[in-house]
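Accompanying notes for the structure given below.
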There are 4 protein chains.
Amino acid sequence: MVKNDKEEMIINAALAVFCKKGYANTRMADIAREAGVSYGLVYHYFGSKKVLFDIIVNTWWSDLYHVLEEQKNSKAAFPERLAYITQFFLDAYANKPNLTSIFISEISRSSVYHTSTGLEKFRRFFTLCEAIMDEGQKTGFLRDDIRPHYLTYIFLGAVEGFISILVLGREQLNDKRKKRMIDGITQVFLDGARVR
Amino acid sequence: MVKNDKEEMIINAALAVFCKKGYANTRMADIAREAGVSYGLVYHYFGSKKVLFDIIVNTWWSDLYHVLEEQKNSKAAFPERLAYITQFFLDAYANKPNLTSIFISEISRSSVYHTSTGLEKFRRFFTLCEAIMDEGQKTGFLRDDIRPHYLTYIFLGAVEGFISILVLGREQLNDKRKKRMIDGITQVFLDGARVR
Amino acid sequence: MVKNDKEEMIINAALAVFCKKGYANTRMADIAREAGVSYGLVYHYFGSKKVLFDIIVNTWWSDLYHVLEEQKNSKAAFPERLAYITQFFLDAYANKPNLTSIFISEISRSSVYHTSTGLEKFRRFFTLCEAIMDEGQKTGFLRDDIRPHYLTYIFLGAVEGFISILVLGREQLNDKRKKRMIDGITQVFLDGARVR
Amino acid sequence: MVKNDKEEMIINAALAVFCKKGYANTRMADIAREAGVSYGLVYHYFGSKKVLFDIIVNTWWSDLYHVLEEQKNSKAAFPERLAYITQFFLDAYANKPNLTSIFISEISRSSVYHTSTGLEKFRRFFTLCEAIMDEGQKTGFLRDDIRPHYLTYIFLGAVEGFISILVLGREQLNDKRKKRMIDGITQVFLDGARVR
DNA sequence: AATGAATGAGCTTTCATTCAT
DNA sequence: CATGAATGAAAGCTCATTCAT
C-alpha cells in the first residue's frame with residue numbers, strides 16, 4: 001500500500017481532475033500536467049485511464065466496506081450504528097472531498113459504471129446495510145410494517161442525497177456542523193420530522 | 001411543441017440510447033440508427049448532441065417544476081403534499097422510465113452537468129421544496145429543531161435514492177407497490193422508522 | 001465487388017504505400033495523403049489498418065486460388081500446367097507489381113502474418129500444388145524417388161524466389177522476357193540445369 | 001568477438017524474440033525480460049534496437065559469405081559445391097533455428113525497403129552465387145541456354161523456399177532427412193524432376 | 001426534408017530512448 | 001556495470017459535425 005512519491009502525486013492529481021471534470025471529460029494529459037509528471041509516466045504506473053480510475057474507485061469501496069463490516073458486527077446500540085454509517089460519509093467528505101465527489105457523481109449513479117462488477121460492489125454495500133436494518137427489525141427496534149429493503153433505500157438515499165448537496169455546494173464542514181447533520185439525519189430517520 | 005413524426009422518433013431514440021449508454025458513450029450514429037433515420041437528419045432537427053440532450057433534460061425539469069408549483073400552492077394537508085411529490089417521481093419512473101433513468105444517472109449527480117445553468121435548475125428545484133418544508137415548520141407541523149434546509153435534503157435524498165434503486169434494478173411498478181412505496185417513504189420521513 | 005471512386009483510390013493508395021514502406025512503417029496518414037482523401041475517410045470505409053491490409057491480402061489469395069483450381073482440373077500436359085502456374089506469378093508481377101511486391105515482402109515470409117488463419121491460406125496453396133505434383137508422379141511423368149512434398153517446395157520456392165528478385169530489382173517485363181523466364185524455370189525444374 | 005555473459009544472454013534473447021514476434025513487434029522490454037536483465041542494460045551494450053538487430057543480421061551474412069567464399073574458391077566438383085551451399089542453409093536451420101527464421105522472415109524479403117546497405121548485402125550474396133554458376137557454364141557443366149542470372153535465382157529461390165517451409169512448420173531435422181533434402185534439391189536442380 | 005460521404009481535431013496509448021542513481 | 005523511472009514524439013483510432021446532393 002505504500003506508494004512512491006510520483007505514484008501518489010498521480011493518484012492525487014487524478015482525484016482532483018476526475019472530480020473536477022468527470023471521467024469522460026478528463027484527459028490523461030490533464031492528470032499528467034496536474035501531477036507535474038510526463039505523459040508516459042501515468043501509463044508507466046497505471047497502464048490506462050480505466051485502471052487508474054478503478055484504483056481510485058476501489059479505494060472508496062474498501063474504505064466503505066471496512067466501516068460497514070465493523071458496524072455489522074458492532075454491539076453498539078442501533079441508533080449509534082446508523083450514526084456511525086452517516087458519519088463515515090461525512091468524514092469521507094471532510095477528509096477526502098475529491099474522492100467523495102467522485103463517488104457521488106461518477107460511481108453511485110453512473111449508468112456506465114454499472115457493469116456486472118460495478119453492480120456487484122453495490123449489492124455488497126446494500127446487503128451489508130440491509131443486514132443491519134434486518135437486525136433492527138428482528139430485535140424489535142424498527143417498525144416491521146415496512147420492508148427492510150425499503151428502509152435501507154430510504155436511509156441510504158437520505159444519507160447519499162444529503163452528501164451530494166454538500167458536494168454540489170462545496171460546503172465546508174466543522175465538527176459542530178458534522179454533529180448536527182448526523183443527528184438530523186438519524187433523528188429524522190428514526191423518529192420522523194413531524195412534531196409530536 | 002407539436003413535433004412531426006421523425007422529430008419525435010429521434011427524441012425517443014435519444015431517450016433510449018442516452019438511458020442505455022449514458023451521454024458520453026452515446027454516439028449520434030446510435031441515435032440515428034435507433035430512430036431509423038440518417039444522422040444528417042438528427043443534425044437537421046437538433047443541431048448538436050448537446051442541444052438534443054438539453055431538450056430531453058428540459059422536459060424533465062419542466063414536468064418537475066409543474067408538479068412542485070402545483071404543490072407549493074396547494075391547500076392540501078402537508079402529508080399529502082409530500083406524498084404527491086414522491087408520487088411524481090414514481091409516476092415518472094412508471095411512465096417514462098428512460099427519462100427518469102437519465103435524470104438519475106446523467107443529470108442529478110453529473111459533475112459535468114453542473115454548469116451554472118445546470119446548477120440553477122437544481123436551486124430552483126430545492127428552493128421550491130424548501131419553501132414547502134418551511135411552511136411545514138411555520139404552521140407547526142414539522143419539528144423546527146432541524147433546519148428546513150436539512151429536512152429538504154433528507155427528504156429529497158431519500159426519494160431520489162429510492163428511485164435510483166428502482167432504476168438500477170429495472171423494477172416493475174404496479175399501483176399497489178407504488179402506493180406502498182409512497183406510504184413507506186412519507187411515513188418514515190414524518191414519523192420515523194423506530195417502533196413507538 | 002464494384003467499389004466507388006474513393007474506395008478504390010484508397011485501396012490503390014494503400015497498395016502503393018504498403019509496397020513502398022511495408023506494413024509496419026506505413027502510416028494511415030500516408031495512405032490518406034496518397035489517396036488524396038481525408039484521414040477519417042479511410043476509417044469510414046475500412047475500419048482499421050489491419051482490415052485494409054487484409055482486404056489487399058485476400059485479393060492476392062483469391063486470384064491465386066482461382067488459377068490453381070483451374071490448373072488442378074486442367075487436362076493440359078504436365079509441363080504446360082507448371083508453366084501456367086509460373087505464368088500466374090509473372091503476370092501478377094507485370095499487372096499488379098505493388099500487390100506482388102506486398103505478397104513477396106509482407107505475406108509469404110512474414111512471421112507476423114503467420115497466424116492460424118494466415119497459415120491456413122498457405123496450406124491451401126501448398127496442398128493444391130502438391131496435388132498437381134502428386135498426379136505428376138502417379139502418371140509416371142515425374143520421378144518418384146523424391147517426395148511430392150519436396151518437389152512442391154522446390155518448385156514453388158524457385159518460382160517465388162525468382163519473382164522476389166524481380167521485385168527487388170523493380171525489373172520491367174515484356175512478353176519476350178516473360179516467356180524466357182517461364183521456359184527457364186520449367187525447363188530447369190523438369191530437365192535440370194546440367195548439360196546432357 | 002568474445003562477449004561477456006550478459007552480452008551473450010541479450011543477443012540470444014533478442015534472437016528468440018525477433019524470431020517469435022518479428023522486428024516491428026518486438027519490444028526492447030521483451031528482449032530485456034527474456035534475457036533476465038534490465039532494459040537499461042540492453043542500451044548500455046547495444047545502443048539501440050536497430051543496432052542490436054543489425055548485429056544479429058551481420059552474424060548471418062558473415063557466416064554465409066564465409067561459406068560462399070570457400071565454395072567459390074573450392075576445387076570440388078560442381079555438384080558438391082551446390083550441395084555444400086544447400087547444406088549451409090540446412091545446417092544453419094538445424095543449429096541456429098532462430099537466426100535462420102529471422103533471415104527468412106525479416107531479412108530476405110524485407111530488404112525491399114531496407115536501405116542501400118541491406119540491398120548491398122544481397123547483391124554480394126547473389127554475385128557470389130552467380131560467379132559459381134558462371135563458372136559452371138564456362139566449364140561446360142551447366143547448360144548455357146539459360147542466363148547464369150536466372151540459374152542463380154532458380155537455385156537460390158528453391159533452396160530458400162525449401163528452408164522457409166521448414167521454418168514455417170518448425171520441423172525437426174536429423175542427418176538422414178538433411179541428406180535426403182540436399183540430394184533432392186541438387187538433383188532436381190541439376191537433372192530435373194522429369195522421369196528420363 | 002433527407003441522406004451519408006467526408007472531414008480533421010483530439011483523444012488514448014505505445015515504446016524507443018535517456019539519465020540519475 | 002546495472003537499474004528502471006521518466007520522457008514525449010508519434011501512431012491508430014473516434015466521432016461530432018459539415019455539406020454537396
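Computed from a prediction, not measured in an experiment: that's the story for all the values here. Letters A, B, ... are given to chains in the order of the sequence lines, protein chains preceding strands, and every chain is numbered from 1.
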Can you tell me the distance, in whole Å, between the [atom1] atom of [X] and the [atom2] atom of [N]?
X: C/Ile31; N: F/dA11; atom1: CD1; atom2: P; value: 13 Å
X: A/Glu8; N: F/dA5; atom1: CD; atom2: P; value: 16 Å
X: C/Asp5; N: F/dT21; atom1: CG; atom2: P; value: 13 Å
X: D/Lys49; N: E/dT14; atom1: NZ; atom2: C1'; value: 11 Å
X: B/Phe46; N: F/dA16; atom1: CZ; atom2: C1'; value: 16 Å
X: C/Arg33; N: E/dA6; atom1: CZ; atom2: P; value: 19 Å

- Task: Determine whether B/Phe53 and B/Ile102 make a side-chain contact, defined as any pair of heavy atoms from C-beta on separated by less than 4.5 Å.
- Result: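 Yes, at least one pair of side-chain atoms sits under 4.5 Å.
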Ignoring the backbone of [X], work out which of [options] is nearest its side chain.
X: D/Leu41; options: F/dC1, E/dA9, E/dA2; answer: F/dC1
X: D/Arg27; options: F/dG12, E/dC15, E/dT17; answer: E/dC15
X: D/Tyr45; options: F/dT7, F/dA2, E/dA9; answer: F/dA2
X: C/His44; options: E/dT14, F/dA16, E/dA6; answer: E/dA6
X: D/Tyr39; options: F/dT3, F/dA5, F/dT7; answer: F/dA5

Any side-chain to backbone donor/acceptor pair from [X] onto [Y]? Under 3.5 Å, distance only.
X: A/Asp30; Y: A/Arg27; answer: yes
X: A/Thr100; Y: A/Lys96; answer: yes
X: C/Asn58; Y: C/Asp54; answer: yes

- Query: How do A/Gly36 and C/Met28 order along DNA chain F: which one's closest nucleotide is nearer the 5' end?
  - Reply: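 Nearest nucleotide further toward 5': that of A/Gly36.
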- Message: Quick check on DNA chain F: between B/Tyr43 and A/Gly40, whose nearest nucleotide comes earlier from the 5' end?
- Response: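 It is A/Gly40, whose closest nucleotide lies nearer the 5' terminus.
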- Message: Tell me whether C/Lys49 forms a cation-pi arrangement with C/Tyr23, defined as NZ or CZ under 6.0 Å from the six-membered ring centre and within 45 degrees of its axis.
- Response: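 Geometry flag: set, cation within 6.0 Å and 45°.
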- Message: If you assign D/Gly47 and A/Ser48 each to the DNA chain E nucleotide with the nearest heavy atom, which residue ends up on the more 5' nucleotide?
- Response: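 Closest to the 5' end, via its nearest nucleotide, is A/Ser48.
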- Of D/Ala24 and C/Val37, whose nearest nucleotide on DNA chain E comes first from the 5' end?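 So the residue in question is C/Val37.
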- With pairs taken as Watson-Crick or G-U wobble and both distances under 3.5 angstrom, which stems of at least three consecutive pairs involve DNA chain E?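 Consecutive-pair runs (3 or more) involving DNA chain E: E:2-21 with F:2-21.
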- Message: Classify the ring geometry of B/Phe122 against B/Trp61: parallel below 30°, tilted from 30° to 60°, perpendicular beyond 60°.
- Response: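 Rings of B/Phe122 and B/Trp61: perpendicular, as their planes differ by over 60°.
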- Can you find a side chain N or O atom of B/Lys6 that sits less than 4.0 Å from OP1 or OP2 on E/dA1?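 No, no such contact exists.
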- Task: Considering non-hydrogen atoms only, spot the tightest contact between B/Tyr39 and B/Met28 and give its length.
- Result: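 Taking B/Tyr39 first and B/Met28 second, the nearest heavy atoms are CB-O, 4.3 Å.
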